[in-house]
Structures are given as structure tokens and as C-alpha cells.
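In what follows, chains are A, B, ... by sequence order, proteins preceding strands, each numbered from 1.
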Amino acid sequence: MKAAYKVAAVPDRVGLETLKGLAYIGGLARLAGEAAYITLVGPFRGQRLRPQRAFHQAMAVGVRAIPIVSLISFFVGLIMALQSAYELQRLGAIQFVADAVAISIVRELGPLITAIIVIGRSGSAFAAEIGTMKVTEEVDALETMAVPPVAFLVAPKFLAMLVMVPCLTIWADFMGVMGGCLFGVAGANFTFVSYLKATSDALVLHDISTGLAKSALFSVVITAVGCQEGFSTGAGAEEIGRSTTAAVVNSIFLVILVDLVFTTLFYITNRV
Amino acid sequence: MSESIPEAGRPVISVTDLRVNYGEREILHGISFDVERGETLVILGGSGSGKSTLLRTLVGLEKPSGGAVWIRGVNIAQASAREMDEIRKKMGVSFQGGALFGSMTVGDNVALPLREHTRLEESTIEIMVRIKLEQVGLASFEDFMPSQLSGGMKKRAAVARALALDPEILFFDEPSAGLDPIIAAGIDELILELKKAYAMSMVVVTHELASAFLIADRMLLIDRGSVIAMGAKKELADSTNPRVRQFLDRVPEPQVEDELNYLQMLTEDRKPRH
Ligand SMILES: Nc1ncnc2c1ncn2[C@@H]1O[C@H](COP(=O)(O)OP(=O)(O)OP(=O)(O)O)[C@@H](O)[C@H]1O
Ligand SMILES: [Mg+2]
């Protein structure tokens, strides 16, 4: 009886959760839209952009992430080389290892790995920073000073991320190729120059630009989720932990979802 | 109830039958009062009586569920963003916990409203910051981070920030709560000085009786979300209302009644009794 009741309630629950999910994404879109407006349109309407704050964010988001992004993407490039060499060797086509690494890194893994590192470093930090400010009434203080919190807190992050995440992605692509190159030189009869030549032959500009377009989209998603989670922090310190966790988990999910949608569109439009 | 807009010369703040909810629970049950230009109104009340909620509503952080708050002739619930910004530039708020920006130095905290709303040179701003900090006795703490200040110093820094734009109206939430008597007296002194020097209108929330009687022109006593007394110091001191007397004479709440009230508060959505 009770079980039947629970089963009958499942569609309701699914419906409710779907609506909540849509409302969440709607909120993200509104926040991102507002930040985009302030950053891209606002300056032409006499509203102030806060370049120092954006610069400060760009340092935190981009420059300080370079070591870890370099290391991880180098390793992933090497791993991709090892994995594909294993298959290619059996087909007697080990010389294609540069192509395999280049395409998988530039189209997919570079943007994705960069996004995940940025989520861990910056998305969580956004949520924690804004969440703390919410708990200590700093966000309220901004409002009473007629300083709009979105313009003051979100817009500089939005701008910094929009510039820095694609830059980090290019760097990650490069380091990934270097990782592949290490294997190519050590285990597949390439020289440094011939590996780079093979890589550049394998890639077309389109591969790089779609990767960058994706990473720009990811940066918007990560900023919006991190800041929205920060603003939705309730009262109390333990709430900050909840927001930070939610920011990381939701960002990873949404980045993968956006990646899937984008890649599917890319596949469909380029099939013919 | 007439909804006419008060003209210039009328009260700076006018609150009519204000009701505020947090979710389902009504916290303020129909509060009305005026604050005249240049006047200091002290809002007194026990812990949890709704003082901070009232103050947050006055500065536009909470939306009224009924009634209205008029500031300088504008109903803030219906004000456009632009009107609201204009009002906010003319008011300073010092929060119960200070609410200093933890990522900025004390000097930058005070400079923020100046940098945001004026086109002053950085050198001018620096001088103004120093003046404001001197005013609250924090002259040499410009480069300290808020986390390096004591509770009382944070409060004073928050006051300096609230004063940055030379506001017409100042809102203080518990300026001296949790401070030692000497510093608390210093803050009272500061409030009196500001009143004399700038003729600011002030709304000060507190539960410290001595300080209230020192700084107030008029007082408002709130109990569980309703006004139980309002008037000049003398009127309040001479009041015969038992709840007012209890508060002023510091009579503890009988334990049983307290618990019953508490239960009542938790279980029913309290409607105001007329
Ligand atoms: N954000 C909130 N959400 C829900 N209820 C709240 C919230 N803030 C305050 N309350 C409730 O509103 C009531 C009044 O709180 P308020 O902070 O206004 O009291 P107060 O008079 O300022 O007390 P204190 O002197 O301790 O600062 C309390 O019962 C409190 O539980
Ligand atoms: Mg309070």
C-alpha cells in the first residue's frame, strides 16, 4: 500500500525536480546575462567597469592556475599518447600517434581539463567568497551603498574568466601536445620537430576555434554557477560549505552537459 | 489611509502600518512612526523583538508585506532603481556585525563609497578617508585588514564607512553592543558629535538603556514586533505601561510565562491584537 503510494508519487517528484532544475538554469542564465550586459554594454552607457577588480580576478583565475594546468595537461597528453599508441601499434600505424593526441587534446581534453581545474580552483572560490560576504552582511552593505552586487562582484569575475579560461585552454593544448611529444620522441621514432610538424598537419584551425568557443562557454557556466551558489547561501557558516560543494558538483555536471550539446551540434552540422 | 506623498519639510522617514514577514512568520505587526529632519530616534527592544528587521526594512533590504516606508518623500517599495540609488547615496548604514569587506583594508573600505560615487582624485579620497577614520579614532589603522581589528574597532570602522559620503540619514544597528563601557561611551559621544556638527537624522537601534537615554531625541520601544511605547525620553521614563516598565526597570521575564509565550510564538502565526 505504502509502496504503491510511493511509486505513484514518482512522476510528481520527477516533474517537480525537472521544474526546479529549469528554474535553476533560468537563474544562471539571468545572472550570466546581467553580468554580460554590465561588462559588454554597460561601459557604452556610462556605467563603470571595474578594471582593477577584473585584473585582480584574472591573476587569481588565470595566471596562478598556469603551473597546475601545465602539469596536468602534460600528463594527460602523455597518457593519451600511451593509450593510442597501444592500439595504433597493433595496426602498424604508430606514426599517427601525433594526430590522435592532437585531435583529442585540442578538440576535447584541453578545454575540458582546463574547465575542471578552473572549477576546482575558482568556481569553488567564487561561491565561498560571495557566500561569506552574504553571511557577514557584506552583500547587504554593498546594496545599501548603492553599489550593485552583481556589477561589483560578478561582472569582474565574468570578464576575467571569459578572457583567462580560453587562454589557459590554449596553454593546456600546447602542454598536452608536449606530453604527447615526449612519448613520440622517446618511443615512436619522432624528432621534436617532426612531431610538431605532424601535429600541425593533423590540426585544422577549425579544431582549435571550436575548442576555444567551448572553453568560453564553460567559463560563463562556471562563473554563473559559482556566483549563484554564493548568493543563495543562507545564514550560518556551514551554509558556505554547502554552497561551495554545490558549486563544484553543479559546475562539473553543467560543463559536461554543455560539452555534450555543443559536440553533438558540431557533429550534426559537419556531417554533410 | 491616505497615500499622499509627503512634501519637502515633512519627516525624513515616515513609516505607516509596516508589516514584515520572513516566510510565513510575521515579524513586525503594523508599525508606524516618523523621523523628523535632524532628529535622533532610538529604537529600543529586547533581543529578537524585530529591531534589526525594522532597520533592514527601512534601508530597503527587506520588502514590507504591508504598509509603507517613505524616505525623503519616496515610497521605497515602489521606487525605481534610480530613485533608490539616489536615496541610498544619501544614507549611511552601520550593520550589527560591522559588515566590513574582509578582502579590503580599512582604508579601502571607507574609500569604497567615494570611489564608486564620486569622481574625486585618488589623493583627495585618501585625505577624506583619513579624516573619517580620525573622526572615529582609528587614525593609524588605515592599512589594517578588518580581521586584524577588535570588535569595537570594527564597529567604529563601519561607522567611518557609513559617514564616507556625508549622509543625511544615518542608520545604526547596535552601535555599542558587545563593547567595553569606555568604547561604548566613546561611540555615544561620536553620535552626539555627529548630531551637533552635521544635523544628521539618525535611527539608532539598541538595547542599552543608558546609551539610549543619552543620545535619543525620541524613543520607540518595540516588543515582539509591535510598538508598545513612543515619545520623548521623559514620556517613556514616566510610562506606566507594565511591559515598558518591565523593560526600563530590567525586570526579568517570569520563567513560565516566557516559555508559554515562546511556545505561542512558535506554534501560531501571531496576528496583531488591536
Ligand atoms: N533571515 C531571517 N529568516 C527568518 N527569520 C528571521 C531572520 N532574521 C531574523 N529572523 C527572526 O525575526 C525575529 C526578529 O529578529 P531581529 O534580528 O530583527 O531581532 P533583534 O531585535 O534585532 O534582536 P537582537 O537584539 O538580538 O539583534 C527573530 O525572532 C528572528 O528569529
Ligand atoms: Mg539585531
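Heavy-atom distances place both the backbone and the side chain of A:T144 under 4.5 Å from chain B. Only the side chain of B:L112 has a heavy atom closer than 4.5 Å to any heavy atom of chain A. Proximity to chain B involves both the backbone and the side chain of A:M145, based on heavy atoms less than 4.5 angstrom apart.
The side-chain heavy atoms of B:V59 and A:E143, taken from C-beta on, include no pair separated by under 4.5 Å.
The shortest non-hydrogen separation linking B:H117 to A:A146 is CE1-O, 3.2 Å.
In the displayed structure, B:Y22 atom OH is contacted under 6.0 Å by more than 12 heavy atoms of other residues, nucleotides or ligands. The environment of CD in B:E122 is crowded: more than 12 heavy-atom neighbours from other residues, nucleotides or ligands sit within 6.0 Å. Heavy atoms of other residues, nucleotides or ligands lying less than 6.0 angstrom from CZ of B:F33 number more than 12.
For the atom pair CZ (B:F95) and CD (A:E138), the distance works out to 10.5 Å, reported to the nearest 0.5 Å. The CZ atom of B:F101 sits 9.0 Å away from the OG1 atom of A:T136 when rounded to the nearest 0.5 Å.
Ranked by non-hydrogen atom pairs under 4.5 Å with chain A, the options B:V93, B:D85, B:L61 are led by B:L61.
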Go through A:E137 and B:R56 one step at a time and tell me if the side-chain contact (heavy atoms from CB on, under 4.5 Å) criterion holds.
-> CA-CA 11 Å; A:E137 295 188 302; B:R56 289 174 60 81; 3.2 Å; yes
